[in-house]
2 protein chains.
Amino acid sequence: MPERQSSRKDAVRNREAVLTAADALFARRESPEDVTMADVAAAAGVGKGTLFRAFGDRAGLLRALYAARLEPIRQAVETGPPPLGPTAPPRDRVPALLDAVLCFKLDNRRLALALEEGGGNSPYQAEHYERWHSLLRAVLEQIPGLTDCDFTAHALLAATRADLVEHLAGEGHIPRERMRAQLANFATRVLASGPL
Amino acid sequence: MPERQSSRKDAVRNREAVLTAADALFARRESPEDVTMADVAAAAGVGKGTLFRAFGDRAGLLRALYAARLEPIRQAVETGPPPLGPTAPPRDRVPALLDAVLCFKLDNRRLALALEEGGGNSPYQAEHYERWHSLLRAVLEQIPGLTDCDFTAHALLAATRADLVEHLAGEGHIPRERMRAQLANFATRVLASGPL
DNA sequence: CGTCGATACGGACCCAGGGTCCGGATTCTA
DNA sequence: TAGAATCCGGACCCTGGGTCCGTATCGACG
């Protein structure tokens, strides 16, 4: 219930300020967990009360940031051209979807990290995960000969988890393009198997 | 450096007591994060100081518990009979390894969960992950026609992440055997692809 | 068996950080 | 422009991980 927006001018201005400041902070700081709520409030020039009233709790703020960043991709997936859009043939669309997720996580490492570990609630009860999963699953179901599409969707998405991506990009020093190629290759292999 | 064991009788006794108590607590409580260090100390009949001296920090305690539980599997993998042991043919061993990991996580849900989210440090910098990964990778490399074995090993292991397993077993109500079958099927598909 | 140095014990204590509260300021409505 | 509704913000609370240090215990040695 702490989610409904206010129409009061100062409220929306502050909400905006917080979003902007938080975005900047997460981008600048090394690890997402050393950007504290007090930091965000201070950076936004706002009191903690305001911050929490606007977003409920830390997870709420993260979700809001995440949703904003995700918006363009959501658009591209829902109404865009192939291979991301709904008119693409399933075998092309699956790798494209995974690639989009991967790129998103590469571009928003800290944020995705912060949201996925989140201290307590797993990413699997987040609604945005649910969306990706059911979409991917639906696409997989259109590919003949594939079984266990629900599980397969989970397993494929698991390969794009933020901390794995972070690990590979960070300690592993794997460049972006290589990682994309590997994921695409992996997805292809999963889809490829005809009768073995 | 807070890791070297003591030989003093009371010290080992207390260490044992803590391990036992913690094990019981994690098994009993719903979520791993509402078993606090103070709880563990109290349940073990020991002061917090003792607890922290013996294990360094929370992660240290988790690691110790984990290692104890993992020991039999490690044995089976390193010196046991096929299909888990080193003499098994790679195409059989990969699914077997994954199955072993999955079963372990099913049998130790809370513990694995606690260790993998761990608040801060990702599971990917844990040494036990490193071990599974390099083993799996080595086995994959023995399979002709497979490329990107490093990444593939990561991706396969990602399908056994504790929170995913928890999600599937919990909200998804997927029975153990079905999950094992799905994972095996998935692994098989990944390995199956000849020239596409 | 008594003494003594080394080691461990344990709970009071510290601190960070998420989240709450409420008196006062601001904004909308009439 | 009065009054009500809403919002502001920072002082405050609380939980939980981690530390400290005076005291109790251990075990080696005489």
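Labels below follow one simple rule: chain letters A, B, ... track the order of the sequence lines, proteins then strands, and each chain is numbered from 1.
- With rounding to whole Å, A:F52 atom CZ is found 13 Å from D:dC14 atom C1'.
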In sequence, state the C-alpha distance, the side-chain angles, and the governing distance for B:T152 and A:R189, and then conclude on side chain to side chain donor-acceptor pair (under 3.5 Å). CA-CA 10 Å; B:T152 303; A:R189 266 187 310 209; 2.7 Å; yes

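- The distance from atom CD of A:E33 to atom P of D:dG17 is 15 Å, rounded to the nearest whole Å.
- Spacing between atom CZ of B:F55 and atom P of C:dG10 amounts to 14 Å, rounded to whole angstrom units.
- Atom CD1 of A:I174 sits about 4.5 Å away from atom CG of A:L168, to the nearest 0.5 Å.
- Here the P atom of nucleotide D:dG17 and the CD atom of B:E117 are 13 Å apart, to the nearest Å.
- Residue A:D39 contributes atom CG, which lies 12 Å from atom P of C:dA16 at whole-angstrom precision.
- Ring geometry for B:H167 versus A:Y124: interplanar angle under 30°, hence parallel rather than tilted (30 to 60°).
- Atom CD of B:E71 is surrounded by more than 12 heavy atoms from other residues, nucleotides or ligands within 6.0 Å.
- Proximity of A:N14 to the phosphate of D:dC7: no side-chain N or O atom is located under 4.0 Å from OP1 or OP2.
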Dump the pairs, protein N or O against N or O of nucleotides 28-30 of chain C, anything under 3.5 Å, distances to one decimal.
{"unit_1": "C:dC28", "atom_1": "OP1", "unit_2": "A:K9", "atom_2": "N", "d": "3.3"}

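- Under 4.0 Å is where a charged nitrogen must lie from a carboxylate oxygen, and between A:D148 and B:R178 at least one such pair does.
- Atom-to-atom, CZ of A:R13 to C1' of D:dC7 comes out at 11 Å; the value is rounded to the nearest Å.
- The environment of B:E127 atom CD is dense: over 12 non-hydrogen atoms of other residues, nucleotides or ligands sit within 6.0 angstrom.
- In this structure, CG of B:D34 is placed 16 Å from C1' of D:dC14, rounded to the nearest angstrom.
- In this structure, the CZ atom of A:R58 is 10 Å from the P atom of C:dG17, given to the nearest Å.
- Between A:T36 and C:dA16, a side-chain N or O to OP1/OP2 separation shorter than 4.0 Å is absent.
- Ring pair B:H133/B:H154 is parallel by interplanar angle, where below 30° counts as parallel and above 60° as perpendicular.
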Just to be sure I follow the notation: if a pair is Watson-Crick (purine N1 to pyrimidine N3 plus N6-O4 or O6-N4) or a G-U wobble (N1-O2 and O6-N3), each under 3.5 Å, what dot-bracket string does DNA chain C give, with | for pairs to another strand? ||||||||||||||||||||||||||||||

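- For D:dT6, the OP1/OP2 oxygens have no side-chain nitrogen or oxygen of A:S6 closer than 4.0 Å.
- Remark: A:D163 engages B:R161 in a salt bridge, criterion side-chain N to carboxylate O under 4.0 Å.
- A salt bridge is defined here as a Lys NZ or Arg NE, NH1 or NH2 lying under 4.0 Å from an Asp or Glu carboxylate O, and A:D23 with A:R69 meets this definition.
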Between the protein and nucleotides 10-13 of chain D, list every N/O to N/O distance that falls short of 3.5 Å.
{"unit_1": "D:dG10", "atom_1": "N7", "unit_2": "A:K48", "atom_2": "N", "d": "3.4"}
{"unit_1": "D:dG10", "atom_1": "O6", "unit_2": "A:G49", "atom_2": "N", "d": "3.1"}

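- One finds a salt bridge joining A:E177 and A:R180 here, because a Lys/Arg side-chain nitrogen approaches an Asp/Glu carboxylate oxygen to under 4.0 Å.
- Ionic pairing of B:D34 and B:R110 is not present here: no N-O contact between side-chain nitrogen and carboxylate oxygen is shorter than 4.0 angstrom.
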